[in-house]
Amino acid sequence: MNPNRRTALTTLARAAAAGAAAAGALPAVAQTAAPGEPFKIGLVLPMTGPFASTGRQIEAAARLYIAQNGDTVAGRKVQLIVKDDAGVADTTRRLSQELVVNEKVAVLAGFGLTPLALATAPIATQGKTPMVVMAAATSIITEQSPYIVRTGFTLPQVTLGIAEWAAKNKIRKVVTLVSDYGPGIDAENTFKQRFTLNGGQIAAELRVPLRNPDFAPFLQRVRDAQPDAMFAFVPSGVGSALMKQFSERGLDKAGIRLIATGDVVDDDILNDMGDVAVGVVSSHHYSAAHPSPANKRFVDAFMKANNGMRPNFMAVGGYDGMRVIYEAAKTSKGAGGEALLNAMKGQIFESPRGQVLIDAQTRDIVQDVYIRKVERVDGKLWNVEFDKMAAVKDPGKTK
Ligand code: VNL
């Protein structure tokens, strides 16, 4: 038996035991909807505002999943309720509360950014409602409620790969530049730890505001430090602005390489970045160019259903999140609450990104992380995978 699968199965068995113990400890709640009532999924996303691309990708993926797998599960009609939080945490929390209290959703899902997920965690706990985090990627999120399950990724998980790659590829001195909030700090810390452990040197650590960032003064500082490379993390959608300024300020001409997490060379915007992106090496859990039949089917169907829009890693987090919800609903026979949550734990399946596991102890995703390089293939830019770290857990969880 493949060792990953063995670990996964052991984990699964332990989860079953943990689930049984937890069920005894918690007060019973009426979570079983009467037959004939819809199975409601509350999808809370930034559909407007600076992070609307994340909402657009996840909603499209959720709708694709339903179109492909049917709109009934466990004999109940699936009702997807999409709410726009515009990327504002107070709004996310209010909308989630309404979904739980008024709509009596079986599950909350979405959560485009870390502050939005953190604001909602107490609602999941109080409402005993499973909360599937499809996008937000700061390590600590899953620890904020026992009802949270994550189907996206974490920044420490995907940053290890590029830190290792850099140290092995003649990059000695690096400046880090990250968005100044949870996932950026996670990326900065992980990169620094792993890169210096392998003999690398960090010349400066720069943190750029999340909202309306002006990269110019920061890039000037990078230039002045004359590193071999700049390591960057910015959230999905923001990479184009960073990339443009990087070349306008002449950093590439000054011989400074750009290395990053895959968020920077996001498939949603990569093809419009132009030649400056060619050659950028990054590490991430998903590339639309991932060469598997399952991914090819996913990318083709997604593009066909969405006017040629290419799916990015957010779409995959949303698509797999729906899969986790559907399969759990089948196991729980349409019941919500604890039964639905427990049936999410330990799921193992082939995602468009490759094999994944929802770790039953941490409720976080375990997955392969790929090292990729931007290349022009048939006139289009793609993140072409050339190496991988297998079955990576969020290293943040071992602290
Ligand atoms: C987060 C992390 C958001 C990575 C992202 O894009 C991202 C987050 C909106 O946790 O806030 O690419």
Side-chain angles (χ1 to χ4, degrees), residues 43-61 84-89 91-93 109-121 131-144 148-159 161-162 177-191 207-213 231-243 260-270 282-288 311-318 321 353 364-365 367 369 372 383 394 396:
L43 190 61
V44 190
L45 291 168
M47 300 305 301
T48 55
F51 300 102
S53 65
T54 292
R56 177 165 37 85
Q57 287 271 348
I58 294 178
E59 182 186 3
D84 174 18
D85 63 21
V88 178
T91 311
T92 320
R93 182 174 43 220
F111 308 103
L113 294 131
T114 289
L116 315 181
L118 293 179
T120 308
M131 170 172 162
V132 177
V133 174
M134 296 168 159
T138 301
S139 176
I140 53 148
I141 289 173
T142 41
E143 288 156 38
Q144 306 309 301
I148 293 179
V149 168
R150 177 155 39 199
T151 60
F153 68 110
T154 82
L155 261 304
Q157 179 180 52
V158 298
T159 301
I162 190 67
L177 180 148
V178 301
S179 294
D180 190 5
Y181 77 124
I185 313 295
D186 270 2
E188 179 193 279
N189 285 337
T190 307
F191 187 89
R207 296 180 181 178
V208 182
L210 173 62
R211 305 265 166 190
N212 306 314
F231 163 75
F233 162 81
V234 292
S236 183
V238 182
S240 319
L242 176 63
M243 199 68 81
T261 65
D263 308 78
V264 175
V265 279
D266 171 358
D267 271 301
D268 192 51
I269 50 177
L270 174 64
S282 63
S283 56
H284 227 213
H285 56 296
Y286 180 68
S287 162
N312 69 0
F313 60 96
M314 294 301 189
V316 173
R353 62 188 113 173
D364 223 330
I365 191 160
Q367 58 192 334
V369 173
R372 318 94 49 86
N383 290 299
D394 173 34

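Both ligands and their constituent atoms are indexed starting at 1 by order of listing. By convention here, the first residue in the shown sequence is residue 1. As the structure is a prediction and not an experimental result, all values here were calculated from the model.
Across R150, M134, M131, a single residue satisfies side-chain contact (heavy atoms from CB on, under 4.5 Å) together with F111, and that is M131. For the side-chain contact (heavy atoms from CB on, under 4.5 Å) criterion with P156, the lone passing option out of D186, N189, T138 is D186. When each of S179, P183, P50 is paired with P235, the side-chain contact (heavy atoms from CB on, under 4.5 Å) condition holds for S179 and for no other.
With a 4.0 Å heavy-atom cut-off, ligand 1 is reached by the side chain of P183 but not by its N, CA, C or O. By the criterion of a heavy-atom distance under 4.0 Å, both the backbone and the side chain of T114 are placed next to ligand 1. At a 4.0 Å heavy-atom cut-off, ligand 1 touches F233 through the side chain alone. When heavy-atom distances to ligand 1 are checked against a 4.0 Å cut-off, L113 comes that close through both its backbone and its side chain.
Taking the six-membered ring where the residue is Trp, F233 and Y181 present tilted rings, their angle falling between 30° and 60°.
Close approach of ligand 1 to T54 is summarised as follows: ligand atoms under 4.0 Å from at least one heavy atom of the residue are 9 (C). Counting the atoms of ligand 1 from 1 in the order shown, those under 4.0 Å from a heavy atom of F313 are 12 (O). Atoms of ligand 1 lying under 4.0 Å from at least one heavy atom of P235, given by number and element, are 3 (C), 5 (C), 6 (O), 7 (C), 9 (C), 12 (O). Here is the list of ligand 1 atoms found below 4.0 Å of a heavy atom in A137: 2 (C), 8 (C), 10 (O).
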Derivation and outcome, side chain to side chain contact (heavy atoms under 4.5 Å, CB included), residues S282 and V264: CA-CA 8 Å; S282 63; V264 175; over 6 Å; no
Apply the test side chain to side chain contact (heavy atoms under 4.5 Å, CB included) to residues F153 and V316: give CA-CA distance (whole Å), side-chain angles for both, the deciding distance (0.1 Å), then the verdict. CA-CA 10 Å; F153 68 110; V316 173; over 6 Å; no
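A 4.5 Å side-chain heavy-atom check between T261 and F231 finds at least one atom pair inside the cut-off. Side-chain contact between N383 and H284 is absent, with no heavy-atom pair separated by less than 4.5 Å.
Here the heavy atom of the protein found nearest to atom 7 (C) of ligand 1 is D263 OD2, 3.3 Å. Ranking protein heavy atoms by distance to atom 1 (C) of ligand 1, first place goes to Y181 OH, 3.5 Å. Ranking the protein heavy atoms by distance from atom 6 (O) of ligand 1 puts S236 N, 3.0 Å first.
Ligand 1 has at least one atom lying under 4.0 Å from a heavy atom of G112.
For the pair M314 and ligand 1, the shortest N or O to N or O distance does not fall below 3.5 Å.
Within the 3.5 Å criterion, the main-chain N or O of I140 finds no donor-acceptor partner in the side chain of E143.
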